[in-house]
Amino acid sequence: MKAVYCTAYGSPEVLKMVDVPKPLPQADELLIRIHASAVNSGDVRIRKADPWAVRLFFGFSKPRKSILGGVFSGEVVEIGQAVTQFKVGDSVFGSTGMEFGAYAEFKTLKERAVLVPKPESLSHTEAAIIPFGAMTALHFIQKAKIKAGQKVLIYGASGAVGSSAVQLAKTFGAEVTAVCSGANMELMKEIGADKVINYQQEDLSVHNEKYDVIYEAVNKLSFAQSIRHLKKDGVLILGAAGFPQLLRSGFARMSGRKVLTGLIKESVESMTFIKGLIEQEKFQPVLDRTFSLNQIAEAHEYVDLGHKKGNVALKVTPDA
Ligand SMILES: NC(=O)c1ccc[n+]([C@@H]2O[C@H](COP(=O)([O-])OP(=O)(O)OC[C@H]3O[C@@H](n4cnc5c(N)ncnc54)[C@H](OP(=O)(O)O)[C@@H]3O)[C@@H](O)[C@H]2O)c1
(Lines give C-alpha, C1' and ligand atoms only; values in the text may rest on other atoms or scores of the structure.)
Protein backbone atom coordinates (compact mmCIF):
# COMPACT_ATOMS: atom_id res chain seq x y z
CA MET A 1 0.00 0.00 0.00
CA LYS A 2 0.99 3.66 -0.36
CA ALA A 3 1.85 5.46 2.88
CA VAL A 4 3.76 8.52 4.04
CA TYR A 5 6.82 7.96 6.22
CA CYS A 6 8.13 10.63 8.54
CA THR A 7 11.83 9.90 8.02
CA ALA A 8 13.21 12.42 10.56
CA TYR A 9 12.10 15.41 12.62
CA GLY A 10 12.17 18.59 10.56
CA SER A 11 10.62 20.55 7.69
CA PRO A 12 7.83 19.03 5.51
CA GLU A 13 10.42 17.45 3.18
CA VAL A 14 11.03 14.73 5.78
CA LEU A 15 7.66 13.26 4.71
CA LYS A 16 8.20 10.66 1.95
CA MET A 17 5.77 8.49 0.00
CA VAL A 18 6.64 4.80 0.37
CA ASP A 19 5.24 1.40 -0.61
CA VAL A 20 4.81 -0.85 2.42
CA PRO A 21 2.95 -4.13 3.01
CA LYS A 22 -0.77 -3.82 3.73
CA PRO A 23 -1.40 -4.67 7.42
CA LEU A 24 -3.38 -7.79 8.39
CA PRO A 25 -6.13 -7.58 11.03
CA GLN A 26 -5.80 -9.60 14.26
CA ALA A 27 -8.85 -11.47 15.61
CA ASP A 28 -10.23 -8.35 17.38
CA GLU A 29 -9.28 -5.87 14.66
CA LEU A 30 -10.74 -4.17 11.61
CA LEU A 31 -8.84 -3.46 8.41
CA ILE A 32 -9.92 -0.01 7.26
CA ARG A 33 -9.41 1.37 3.77
CA ILE A 34 -8.69 5.01 4.55
CA HIS A 35 -10.47 7.37 2.17
CA ALA A 36 -9.44 10.61 3.89
CA SER A 37 -7.32 11.92 6.73
CA ALA A 38 -6.39 15.44 7.88
CA VAL A 39 -3.28 17.44 8.62
CA ASN A 40 -3.72 18.69 12.17
CA SER A 41 -1.61 20.85 14.44
CA GLY A 42 -0.81 17.63 16.35
CA ASP A 43 0.79 15.99 13.29
CA VAL A 44 2.81 19.12 12.62
CA ARG A 45 4.04 19.33 16.22
CA ILE A 46 5.32 15.76 16.04
CA ARG A 47 6.92 16.22 12.60
CA LYS A 48 8.78 19.28 13.92
CA ALA A 49 9.42 17.84 17.42
CA ASP A 50 7.86 21.02 18.78
CA PRO A 51 8.11 21.23 21.74
CA TRP A 52 11.40 19.37 22.12
CA ALA A 53 9.79 17.06 24.72
CA VAL A 54 8.00 15.36 21.80
CA ARG A 55 11.25 13.38 21.42
CA LEU A 56 10.89 11.93 24.92
CA PHE A 57 7.53 10.39 24.07
CA PHE A 58 7.74 9.67 20.34
CA GLY A 59 11.39 8.81 19.74
CA PHE A 60 14.70 10.55 20.18
CA SER A 61 16.04 11.00 16.64
CA LYS A 62 12.86 10.35 14.60
CA PRO A 63 9.26 9.35 15.36
CA ARG A 64 9.01 5.69 16.39
CA LYS A 65 5.64 5.62 14.61
CA SER A 66 6.87 6.18 11.05
CA ILE A 67 3.41 6.86 9.61
CA LEU A 68 1.78 9.97 11.08
CA GLY A 69 -1.90 10.94 10.73
CA GLY A 70 -4.21 10.71 13.72
CA VAL A 71 -7.69 10.88 12.16
CA PHE A 72 -9.47 9.13 9.34
CA SER A 73 -12.68 8.34 7.56
CA GLY A 74 -12.89 5.12 5.61
CA GLU A 75 -14.48 1.76 4.99
CA VAL A 76 -14.14 -1.55 6.82
CA VAL A 77 -12.73 -3.99 4.24
CA GLU A 78 -11.81 -6.98 6.46
CA ILE A 79 -12.62 -8.07 10.02
CA GLY A 80 -10.96 -10.47 12.46
CA GLN A 81 -12.98 -13.51 13.53
CA ALA A 82 -13.76 -12.09 17.01
CA VAL A 83 -15.19 -8.79 15.71
CA THR A 84 -18.90 -8.36 16.47
CA GLN A 85 -19.77 -4.67 16.19
CA PHE A 86 -18.68 -3.87 12.63
CA LYS A 87 -18.99 -5.62 9.28
CA VAL A 88 -17.26 -5.38 5.93
CA GLY A 89 -18.63 -2.39 4.01
CA ASP A 90 -19.31 -0.17 7.08
CA SER A 91 -18.22 3.45 6.71
CA VAL A 92 -16.48 4.65 9.87
CA PHE A 93 -14.60 7.71 11.09
CA GLY A 94 -12.49 8.36 14.16
CA SER A 95 -9.04 8.66 15.65
CA THR A 96 -6.05 6.34 15.58
CA GLY A 97 -4.85 7.95 18.84
CA MET A 98 -1.21 7.51 19.74
CA GLU A 99 -0.87 4.76 17.12
CA PHE A 100 -1.11 7.37 14.30
CA GLY A 101 -0.84 5.64 10.89
CA ALA A 102 -3.67 7.38 9.01
CA TYR A 103 -1.42 8.82 6.26
CA ALA A 104 -1.80 5.51 4.45
CA GLU A 105 -4.22 3.57 2.27
CA PHE A 106 -4.99 1.00 4.98
CA LYS A 107 -4.90 0.85 8.78
CA THR A 108 -5.78 -1.89 11.27
CA LEU A 109 -7.52 -0.83 14.48
CA LYS A 110 -9.11 -2.66 17.41
CA GLU A 111 -12.87 -2.76 17.06
CA ARG A 112 -12.93 -0.94 20.43
CA ALA A 113 -10.74 1.89 19.13
CA VAL A 114 -12.10 5.45 18.95
CA LEU A 115 -14.27 5.05 15.84
CA VAL A 116 -17.99 5.17 15.05
CA PRO A 117 -20.20 4.88 11.95
CA LYS A 118 -19.79 7.87 9.61
CA PRO A 119 -22.83 10.17 9.31
CA GLU A 120 -24.36 9.59 5.86
CA SER A 121 -24.66 13.32 5.26
CA LEU A 122 -20.87 13.78 5.21
CA SER A 123 -18.31 12.79 2.59
CA HIS A 124 -15.21 10.96 3.86
CA THR A 125 -13.24 14.20 3.41
CA GLU A 126 -15.68 16.12 5.61
CA ALA A 127 -15.86 13.35 8.23
CA ALA A 128 -12.08 12.93 8.56
CA ILE A 129 -11.56 16.53 9.64
CA ILE A 130 -14.02 16.31 12.55
CA PRO A 131 -12.47 14.11 15.31
CA PHE A 132 -9.33 16.09 16.21
CA GLY A 133 -10.86 19.52 16.85
CA ALA A 134 -14.25 18.30 18.01
CA MET A 135 -13.02 15.77 20.59
CA THR A 136 -10.48 18.27 21.94
CA ALA A 137 -13.04 21.05 22.32
CA LEU A 138 -15.70 18.70 23.73
CA HIS A 139 -13.33 17.40 26.41
CA PHE A 140 -12.74 20.90 27.81
CA ILE A 141 -16.26 22.24 27.28
CA GLN A 142 -17.78 19.31 29.17
CA LYS A 143 -15.23 19.71 31.97
CA ALA A 144 -16.01 23.44 32.19
CA LYS A 145 -19.70 22.51 32.59
CA ILE A 146 -20.82 25.29 30.27
CA LYS A 147 -24.45 26.19 30.95
CA ALA A 148 -27.15 28.03 29.00
CA GLY A 149 -26.78 31.79 29.17
CA GLN A 150 -23.11 31.81 30.21
CA LYS A 151 -20.74 34.17 28.43
CA VAL A 152 -17.96 32.20 26.75
CA LEU A 153 -14.93 33.65 24.95
CA ILE A 154 -13.08 31.46 22.46
CA TYR A 155 -9.60 32.82 21.65
CA GLY A 156 -8.16 31.37 18.42
CA ALA A 157 -11.70 30.56 17.30
CA SER A 158 -10.93 29.94 13.63
CA GLY A 159 -8.60 26.94 14.05
CA ALA A 160 -9.60 23.27 14.19
CA VAL A 161 -10.16 23.33 17.95
CA GLY A 162 -11.55 26.88 18.10
CA SER A 163 -14.14 26.40 15.34
CA SER A 164 -15.33 23.24 17.11
CA ALA A 165 -15.41 25.03 20.47
CA VAL A 166 -17.58 27.83 19.04
CA GLN A 167 -20.13 25.32 17.72
CA LEU A 168 -20.12 23.15 20.85
CA ALA A 169 -20.43 26.09 23.27
CA LYS A 170 -23.46 27.25 21.24
CA THR A 171 -25.09 23.82 21.49
CA PHE A 172 -24.70 24.03 25.29
CA GLY A 173 -26.59 27.34 25.15
CA ALA A 174 -23.74 29.79 25.78
CA GLU A 175 -23.43 33.31 24.41
CA VAL A 176 -20.24 32.94 22.39
CA THR A 177 -17.67 35.60 21.56
CA ALA A 178 -15.12 34.42 19.00
CA VAL A 179 -11.68 36.04 18.61
CA CYS A 180 -9.95 35.70 15.23
CA SER A 181 -8.35 37.78 12.46
CA GLY A 182 -10.43 40.00 10.15
CA ALA A 183 -10.33 37.37 7.38
CA ASN A 184 -12.27 34.87 9.49
CA MET A 185 -14.98 37.07 11.01
CA GLU A 186 -17.65 36.02 8.50
CA LEU A 187 -16.86 32.33 9.06
CA MET A 188 -17.35 32.80 12.81
CA LYS A 189 -20.85 34.22 12.24
CA GLU A 190 -21.66 31.32 9.90
CA ILE A 191 -20.84 28.74 12.58
CA GLY A 192 -22.91 30.53 15.20
CA ALA A 193 -20.75 33.02 17.13
CA ASP A 194 -22.88 35.76 18.71
CA LYS A 195 -20.05 38.31 18.71
CA VAL A 196 -16.72 38.39 16.89
CA ILE A 197 -13.60 40.31 17.88
CA ASN A 198 -10.88 40.93 15.30
CA TYR A 199 -7.64 40.65 17.29
CA GLN A 200 -5.79 42.58 14.58
CA GLN A 201 -7.89 45.68 15.24
CA GLU A 202 -9.16 45.45 18.80
CA ASP A 203 -7.82 44.51 22.16
CA LEU A 204 -10.10 42.60 24.54
CA SER A 205 -9.95 45.59 26.92
CA VAL A 206 -11.99 47.68 24.44
CA HIS A 207 -15.00 45.51 25.25
CA ASN A 208 -14.60 45.69 29.02
CA GLU A 209 -16.46 42.38 29.32
CA LYS A 210 -16.05 39.57 31.86
CA TYR A 211 -16.66 35.97 30.84
CA ASP A 212 -17.78 32.82 32.69
CA VAL A 213 -15.43 30.72 30.56
CA ILE A 214 -12.39 31.71 28.50
CA TYR A 215 -11.14 28.98 26.17
CA GLU A 216 -7.63 29.97 25.09
CA ALA A 217 -7.25 27.59 22.15
CA VAL A 218 -4.02 28.77 20.49
CA ASN A 219 -1.80 30.07 23.28
CA LYS A 220 -1.80 33.68 22.04
CA LEU A 221 -3.74 35.57 24.73
CA SER A 222 -1.61 37.07 27.45
CA PHE A 223 -2.07 35.59 30.91
CA ALA A 224 -2.87 39.02 32.39
CA GLN A 225 -5.62 39.58 29.80
CA SER A 226 -7.19 36.18 30.37
CA ILE A 227 -7.41 36.77 34.14
CA ARG A 228 -8.64 40.37 33.72
CA HIS A 229 -11.57 39.24 31.56
CA LEU A 230 -12.54 36.18 33.58
CA LYS A 231 -15.25 36.40 36.26
CA LYS A 232 -14.08 35.64 39.82
CA ASP A 233 -15.76 32.21 39.72
CA GLY A 234 -14.96 31.73 36.02
CA VAL A 235 -13.14 28.87 34.30
CA LEU A 236 -9.99 29.36 32.23
CA ILE A 237 -9.26 26.69 29.64
CA LEU A 238 -5.64 26.58 28.50
CA GLY A 239 -6.09 24.23 25.56
CA ALA A 240 -2.55 24.05 24.23
CA ALA A 241 -1.05 21.49 26.61
CA GLY A 242 2.54 22.18 27.60
CA PHE A 243 4.92 23.44 30.29
CA PRO A 244 3.94 27.15 29.85
CA GLN A 245 0.29 26.20 30.35
CA LEU A 246 1.11 24.29 33.53
CA LEU A 247 2.98 27.33 34.84
CA ARG A 248 0.13 29.69 33.92
CA SER A 249 -2.46 27.39 35.44
CA GLY A 250 -0.53 27.51 38.74
CA PHE A 251 -0.66 31.34 38.74
CA ALA A 252 -4.33 31.36 37.75
CA ARG A 253 -5.22 28.99 40.58
CA MET A 254 -3.39 31.30 42.99
CA SER A 255 -5.77 34.04 41.83
CA GLY A 256 -8.70 31.80 42.76
CA ARG A 257 -9.74 30.86 39.21
CA LYS A 258 -10.52 27.34 38.10
CA VAL A 259 -8.14 26.23 35.33
CA LEU A 260 -8.44 23.35 32.90
CA THR A 261 -5.41 22.21 30.93
CA GLY A 262 -3.48 19.04 30.06
CA LEU A 263 -3.95 16.32 27.47
CA ILE A 264 -7.45 15.46 26.38
CA LYS A 265 -9.00 12.00 26.49
CA GLU A 266 -10.51 10.70 23.27
CA SER A 267 -13.39 8.24 23.50
CA VAL A 268 -16.11 6.42 21.57
CA GLU A 269 -18.63 8.29 23.78
CA SER A 270 -17.28 11.65 22.56
CA MET A 271 -17.40 10.52 18.92
CA THR A 272 -20.96 9.23 19.36
CA PHE A 273 -22.01 12.55 20.91
CA ILE A 274 -20.42 14.53 18.05
CA LYS A 275 -21.96 12.23 15.43
CA GLY A 276 -25.36 12.88 17.03
CA LEU A 277 -24.85 16.64 16.76
CA ILE A 278 -23.88 16.30 13.08
CA GLU A 279 -27.03 14.28 12.40
CA GLN A 280 -29.13 16.94 14.15
CA GLU A 281 -27.38 19.57 12.00
CA LYS A 282 -25.95 21.23 15.12
CA PHE A 283 -22.32 20.69 14.14
CA GLN A 284 -20.66 21.10 10.75
CA PRO A 285 -17.18 20.44 9.40
CA VAL A 286 -15.09 23.55 8.72
CA LEU A 287 -12.93 22.70 5.72
CA ASP A 288 -10.23 25.04 4.48
CA ARG A 289 -8.12 23.23 1.85
CA THR A 290 -7.91 19.67 0.56
CA PHE A 291 -4.67 18.02 -0.57
CA SER A 292 -4.05 14.53 -1.95
CA LEU A 293 -1.80 12.05 -0.12
CA ASN A 294 1.09 12.71 -2.50
CA GLN A 295 0.84 16.45 -1.75
CA ILE A 296 1.56 15.77 1.92
CA ALA A 297 4.59 18.10 2.10
CA GLU A 298 2.55 21.00 0.65
CA ALA A 299 -0.27 20.29 3.11
CA HIS A 300 2.17 20.42 6.05
CA GLU A 301 3.74 23.62 4.69
CA TYR A 302 0.30 25.22 4.66
CA VAL A 303 -0.54 24.13 8.21
CA ASP A 304 2.91 25.31 9.37
CA LEU A 305 1.82 28.87 8.51
CA GLY A 306 -0.49 28.75 11.57
CA HIS A 307 -3.52 30.38 9.93
CA LYS A 308 -5.64 27.59 8.55
CA LYS A 309 -9.39 28.18 8.68
CA GLY A 310 -10.67 25.18 10.57
CA ASN A 311 -9.16 22.11 8.98
CA VAL A 312 -6.98 20.80 6.18
CA ALA A 313 -8.10 17.51 4.65
CA LEU A 314 -6.01 14.84 2.99
CA LYS A 315 -7.73 12.78 0.29
CA VAL A 316 -6.30 9.27 0.21
CA THR A 317 -8.72 8.03 -2.47
CA PRO A 318 -9.68 10.44 -5.28
CA ASP A 319 -13.47 10.34 -4.74
CA ALA A 320 -13.35 10.68 -0.91
N1 LIG B 1 -4.74 19.57 25.14
C2 LIG B 1 -4.72 18.67 24.17
O3 LIG B 1 -4.72 17.46 24.40
C4 LIG B 1 -4.74 19.17 22.76
C5 LIG B 1 -5.32 18.40 21.75
C6 LIG B 1 -5.36 18.92 20.46
C7 LIG B 1 -4.79 20.17 20.18
N8 LIG B 1 -4.19 20.85 21.20
C9 LIG B 1 -3.57 22.17 20.94
O10 LIG B 1 -4.57 23.11 20.63
C11 LIG B 1 -3.94 24.18 19.92
C12 LIG B 1 -4.87 24.60 18.78
O13 LIG B 1 -4.91 23.59 17.83
P14 LIG B 1 -5.63 23.81 16.43
O15 LIG B 1 -5.51 22.53 15.71
O16 LIG B 1 -6.93 24.43 16.59
O17 LIG B 1 -4.64 24.88 15.76
P18 LIG B 1 -4.74 25.46 14.31
O19 LIG B 1 -5.97 25.00 13.62
O20 LIG B 1 -3.44 25.23 13.60
O21 LIG B 1 -4.84 27.04 14.62
C22 LIG B 1 -4.88 27.89 13.54
C23 LIG B 1 -5.66 29.12 13.95
O24 LIG B 1 -4.92 29.89 14.91
C25 LIG B 1 -5.34 31.22 14.78
N26 LIG B 1 -4.36 32.19 15.24
C27 LIG B 1 -3.07 32.30 14.83
N28 LIG B 1 -2.49 33.35 15.47
C29 LIG B 1 -3.45 33.90 16.27
C30 LIG B 1 -3.46 34.99 17.19
N31 LIG B 1 -2.38 35.74 17.39
N32 LIG B 1 -4.60 35.23 17.88
C33 LIG B 1 -5.71 34.48 17.69
N34 LIG B 1 -5.76 33.45 16.83
C35 LIG B 1 -4.64 33.16 16.13
C36 LIG B 1 -5.55 31.39 13.29
O37 LIG B 1 -6.56 32.36 13.10
P38 LIG B 1 -6.32 33.63 12.19
O39 LIG B 1 -5.84 33.14 10.86
O40 LIG B 1 -7.65 34.30 12.16
O41 LIG B 1 -5.23 34.43 12.89
C42 LIG B 1 -5.93 30.01 12.78
O43 LIG B 1 -7.29 29.92 12.40
C44 LIG B 1 -2.58 23.68 19.46
O45 LIG B 1 -1.60 24.28 20.27
C46 LIG B 1 -2.63 22.19 19.76
O47 LIG B 1 -1.38 21.67 20.07
C48 LIG B 1 -4.16 20.40 22.47
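In this chain, residues are counted from 1 in sequence order. Each ligand, and each atom within it, is numbered from 1 in the order the structure gives. Side chains are part of it too, since the values below use all heavy atoms of this structure and drop only hydrogens, waters and symmetry mates.
- Using a 4.0 angstrom heavy-atom cutoff, Val179 does not count as in contact with ligand 1.
- For Phe100 and Phe58, the ring centers are positioned less than 6.0 Å apart.
- Of the heavy atoms in Leu263, both backbone and side-chain atoms come closer than 4.0 Å to ligand 1.
- Residues Asp212 and Lys231 come closest through the heavy atom pair OD1-NZ, 3.1 Å.
- Using the six-membered ring where Trp is involved, His229 and Tyr211 have ring planes that are tilted, between 30° and 60° apart.
- Between Lys195 and Glu175, at least one side-chain N (NZ, or NE/NH1/NH2) sits under 4.0 Å from a carboxylate O, which counts as a salt bridge.
- Ring centers of Trp52 and Phe60: under 6.0 Å apart, within the cut-off.
- An N or O contact shorter than 3.5 Å links Gly239 to ligand 1 by distance.
- When non-hydrogen atoms are compared, ligand 1 lies under 4.0 Å from the backbone of Val161 as well as from its side chain.
- Taking all heavy atoms of Ala157, Gly159, Gly306 into account, the minimum distance to atom 36 (C) of ligand 1 is reached by Gly306.
- Annotation: Val218 places no N or O atom under 3.5 Å from an N or O atom of ligand 1; distance criterion only.
- With salt bridges taken as basic N to acidic carboxylate O contacts below 4.0 Å, none links Asp28 and Arg112.
- Taking all heavy atoms of Lys220, Met188, Lys308, Lys265 into account, the minimum distance to atom 19 (O) of ligand 1 is reached by Lys308.
- Considering backbone and side-chain N/O atoms, Cys180 never comes within less than 3.5 Å of an N/O atom of ligand 1.
- The residue among Gly133, Ser164, Ser181, Ala38 with a heavy atom at the shortest distance from atom 40 (O) of ligand 1 is Ser181.
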